There are 2 protein chains.
Amino acid sequence: MLARREPVTLRSLVAGTGASTMAVYTHFGGMPGLWSAVRQEGFGRLAARLSAVERTDDPVRDLMALGAAYAKNALDFPDLYRAMFDAAADLEDADAADSTFAQLVECAVRAREQGRFDRDVQPLDVATRQWLFGHGVVSLVLTGVLPAASLDAHVPPMAEALFVSAGDSLETARASVRDGWATFSSAR
Amino acid sequence: MLARREPVTLRSLVAGTGASTMAVYTHFGGMPGLWSAVRQEGFGRLAARLSAVERTDDPVRDLMALGAAYAKNALDFPDLYRAMFDAAADLEDADAADSTFAQLVECAVRAREQGRFDRDVQPLDVATRQWLFGHGVVSLVLTGVLPAASLDAHVPPMAEALFVSAGDSLETARASVRDGWATFSSAR
DNA sequence: GAGTATACATAGCATCGTTATGGAATGAGC
DNA sequence: GCTCATTCCATAACGATGCTATGTATACTC
């Protein structure tokens, strides 16, 4: 686990393909363009995972299920996740990221409309904070600073605290977090 | 702000010094050793900043003040922060990181002893979760994904939610967070 | 003062991303 | 069907990278 990564070099990429280094330049314009394409692929897979999350009549559960899908996607494609967030992304990459983040905001809006959150809380803030600590724990796990078990140990309690602070009751928040996070633990 | 970083190369380092590239090998053993020394320096500065935080009789305020010092240190030395957490750290680097993290745990222990947190909460968990979302927002700000104002916008509410979930009352948590975070905003 | 060890400058090596150049394949126009 | 233009990419080379080998000072020991 977390094997030592050998560097991704242009020549090592084209080594087994029979192609030469020039193919990368005709199709991607160079290594930065290739990395940008990798990030696009990463955000594309993430968007597909989030879109595949079932939407129920419990928006807080859906919010947690989206977080679970986010974490699971990061563990399934760790190198892709690092490529997406290690370097400063380009503007076009940011667009792809925004379209995935919008799915989180949408659930937060729905939660406020159903009265689960206070009227004066901004759904954008709730979504940002959930993404914020989700990224924190995921990136620390992927760099090997924290063990993988930290996800199960810290994400549900943090999410519950966040949703309660947004106005949800402790009981409903706990139940929704449990149901939503179950989609992570069950799928490994 | 967030200027395009020119890569840190061995030859560019020794260019202005009049020394040759071999000096790096006698003193650091190569570029990985040099980066390890940079991380040691970074953790040393962080530990000094945290140690300089005034400890009061309000441990929750101190917890938030440590978080403020952590964020301020990251903004003051952004390249150092990236060097510390971008790459997977060595084991000796992890030791230096643990010694700074211990200061957070100590405050959490004190908060539980004073009855601010429930008896069944683990101080290590509270400290970990605070560091966890702190690292999330700081790293996203440093990579340019989120604006710098996100720190003021999200860290205090997240910390308040965390402390309340640990057992602190909403009023005392809010006051302690405000007092502790003031050490960040006032010092820029 | 002789002998030894440390420190580092010079030069060179393999490899990196990138560019220049030329040739083969493809398609359009008549 | 022939010609021309364009696209695509293999070959080769360039500058720069981290690193190693070698030799030569300097400093320290006895």
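Keep in mind that this is a model prediction, so the values were computed, not measured. The sequence lines fix the lettering, A, B, ..., with proteins before strands; numbering per chain opens at 1.
For the pair A/R110 and A/E106, the salt-bridge criterion is not met [side-chain N within less than 4.0 Å of a carboxylate O].
For the side chain to side chain donor-acceptor pair (under 3.5 Å) with A/S176, the lone residue among A/D168, A/D62, A/D58 that qualifies is A/D58.
Side chain of B/R119 to main chain of B/R112: a donor-acceptor pair is present (N/O by atom type, distance under 3.5 Å, no hydrogens or angles). Side-chain atoms of B/Q130 come within 3.5 Å of backbone N or O of B/L63 as a donor-acceptor pair.
If you check the side chains of B/S165 and B/R129, you find no donor sitting under 3.5 Å from an acceptor.
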Sugar-phosphate or base contact per nucleotide [nucleotides 7-19 of chain C; S, B, -; heavy atom under 4.0 Å]
-BBB-B---BBBB
